[in-house]
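These notes concern the structure reproduced below.
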Amino acid sequence: MTQTIATRPPMSVQRAKHEALLYWAALLTAAAAIIHLSGVWEQWPLSVPLSVLFLIGAVIQFAAAVAVVALPTRRIFSLVALLNLAAALLWVFSHAVGLPLITTLWQPEMLSIFDLLLAPMELLAALLLLYLAERPSLTKPLRAWRTAAGVVAAFILVSSLTWLGSSAAANAVWLPTGTSVSVPAGQTATLTYCNLPGSPLAMDLSEPAASAHRPAPTVLFIHGGAGIMGSRQLLVGGGTSGPYWVTVYDTLVKRGFVAGSIDYGLWPLHSAQDMIKDAKCAVRFLRAHASELGIDVQRIGVAGESQGGYLGAMLGTAGPSAGFDVGQYLDQSSGVQAVADISGFSDLLNMTGGASWTSSLMGEFGDSKAALQAASPITYVAPGDPPFLIIHGTEDPILAPHHAQEIYDRLKAANVPATLVMVQHGGHGLYWPPTDQPQQPGPDALVQMIGDLFVKTLMP
């Protein structure tokens, strides 16, 4: 009778497997450290103590990533695992309660799906290290070039997330609770305009010079990003159109406008209905604090691209009866007096002609025909709606031009002032990298049109 005796893999094979796990643990720990480090210069203008906290945390976490490859022992693995667990728990605590620093409680805003990566990265690193701590020690340090390669990989990982448009909660939006609502003339400040359950929502607001007429007209900018990414920081959240949106924003402030740009809750934590509610709450916030901010409550406009254009169109058409006015400042109107809708969608029941993946985003809006109709701007078009400027590229690869044509036709039928600009050879947004022919009108001309809309409709 032959007896099969189980044999363990050779030690060289075991070591190779353990090294692979160790590389991943070090990579994830280093990537988390880089995310924390990026918060230093982001938060310095707002809070020195918060920046110092990020700096200390990043240095400790990065040193821990180096230690696990330089001194691969059970004790080091256990200590770094506990460090990562503590960092993940601190992340959860800061979102649920906030961090008390000196006399102020600071809380991060949850911006997008990418913000959810930080804590899982730290938890996974901790689990890998705890597993290795229960196995025979590697005893020999890993080669220096492998350590350096891991650091580079961590940097590329974090940089790629930033390129995708994420603003990680660890480095972009931490807001103090209970601060006053005020912005000095000629300056820009970040304000909390409304609150989601457990998270504040941020608005950058810029005041014109002290010599500008008060109360001033206001334009609110809403970023795009398909509801899953993006930022109120127009240069980042605006993609290829970012520099042109910054030009519109700065030009309006110089001409005496108050200008604001908002973040809003994103999928998967928040539905498209939530995004509409956030945008409406932002407008109500401006009116509720009009006296402190020097805002003319009868002269508020909105501009946005893609998802932002859609949200702007909803602000211009969906009144209180649509059911999106919930939350704070309900004694104020969320209506606007002018809309610039660039590459937005208007009919969720007809998403034909665009990119195939756009249909997969319809889950943000609901899973029934009634829900899609209720979230479509064309459903609410009626006489008395504000003037619209609608801009759409004829070769938009993401959203078909029929969205622009359909809402324009509905507005004209309701005798609402509306201008439709179909950008020949244009793609998605104010500027899309050209293929064989440049877009007409060009982005500079479109910037001029948007500015002219708000000067004509909102300036006293």
Side-chain angles (χ1 to χ4, degrees), residues 175 178-195 200-222 232 234 245-264 278-304 308 311-320 325 327-341 384-389 416-417 447-460:
L175 299 169
T179 56
S180 61
V181 177
S182 63
V183 184
Q187 297 187 29
T188 300
T190 300
L191 307 174
T192 299
Y193 71 85
C194 290
N195 284 280
L201 288 168
M203 171 190 294
D204 283 349
L205 198 72
S206 299
E207 288 282 344
S211 58
H213 175 78
R214 297 293 199 288
T218 302
V219 176
L220 192 65
F221 291 79
I222 308 179
R232 74 189 190 286
L234 295 175
W245 281 115
V246 171
T247 298
V248 178
Y249 187 101
D250 292 344
T251 299
L252 288 175
V253 173
K254 291 177 182 177
R255 299 189 70 166
F257 284 78
V258 173
S261 180
I262 63 169
D263 286 324
Y264 50 90
D278 292 346
K280 282 182 164 288
C281 193
V283 176
R284 297 197 305 271
F285 166 85
L286 292 174
R287 287 199 168 95
H289 296 282
S291 58
E292 301 102 298
L293 299 173
I295 287 174
D296 188 337
V297 297
Q298 300 301 322
R299 300 176 185 275
I300 298 178
V302 63
L311 292 174
M314 288 296 286
L315 288 174
T317 58
D325 279 285
Q328 299 165 268
Y329 313 111
L330 292 179
D331 59 332
Q332 303 293 330
S333 168
S334 64
V336 295
Q337 284 69 56
V339 177
D341 173 6
D385 284 346
F388 268 68
L389 170 63
V416 176
V447 165
Q448 183 68 43
M449 292 178 192
I450 296 170
D452 290 346
L453 166 73
F454 294 123
V455 170
K456 178 180 178 181
T457 57
L458 302 181
M459 267 294 185

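These numbers were taken from a predicted model, which means no experiment stands behind them. Below, each value reflects all heavy atoms present in this structure, side chains not excepted, and no hydrogens, waters or symmetry copies.
- Considering every non-hydrogen atom in both Gly256 and Pro217, the closest pair reads O-CD, 4.0 Å.
- The distance from atom CG of Leu458 to atom CZ of Arg255, rounded to the nearest 0.5 Å, is 12.0 Å.
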* To do: Carefully, step by step, assess Leu201 and Asp278 under the rule side chain to side chain contact (heavy atoms under 4.5 Å, CB included).
  => CA-CA 8 Å; Leu201 288 168; Asp278 292 346; 3.7 Å; yes

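- Among all heavy-atom pairs drawn from Pro200 and Thr192, the shortest one is CB-CG2, 3.7 Å.
- Between the CD atom of Glu292 and the OG atom of Ser182 there is a distance of 8.5 Å, given to the nearest 0.5 Å.
- Remark: side-chain polar atoms of Ser261 are paired, donor with acceptor, to backbone N or O of Arg232 under 3.5 angstrom.
- Distance check: Asp263 CG to Tyr193 OH gives 7.0 Å after rounding to the nearest 0.5 Å.
- Not a single donor-acceptor pair under 3.5 Å links the side chain of Arg299 to the backbone N or O of Pro215.
- Between Ala340 and Phe454, the shortest heavy-atom contact is CB-CZ, 3.9 Å.
- When the options Thr190, Leu286, Thr188 are evaluated for a side-chain contact (heavy atoms from CB on, under 4.5 Å) with Leu205, the one that passes is Leu286.
- Side-chain atoms of Arg284 do not come within 3.5 Å of backbone N or O of Gln332 as any donor-acceptor pair.
- Contact record, Ser334 with Lys280: OG-NZ, 3.0 Å, taken as the closest heavy-atom pair.
- For the pair Gln337 and Thr457, the minimum side-chain heavy-atom distance is 4.5 Å or more.
- At least one side-chain heavy atom of Leu315 sits less than 4.5 Å from a side-chain heavy atom of Ile222.
- When all heavy atoms of Pro386 and Gly316 are compared, the closest pair comes out as CD-O, 3.1 Å.
- Interatomic distance, CD1 of Ile295 versus CD1 of Ile300, reported as 6.0 Å (0.5 Å rounding).
- Here the shortest heavy-atom pairing between Leu293 and Phe285 reads CD1-CE2, 4.4 Å.
- Residue Gln448 holds its CD atom at 11.5 Å from OG1 of Thr247, rounded to the nearest 0.5 Å.
- Ring centroids of Tyr249 and Phe221 are separated by less than 6.0 Å, placing the two rings close together.
- Using cut-offs of 30° and 60° on the angle between ring planes, the pair Tyr329 and His289 is perpendicular.
- Considering only heavy atoms from C-beta on, Met203 stays 4.5 Å or farther from Cys194 through its side chain.
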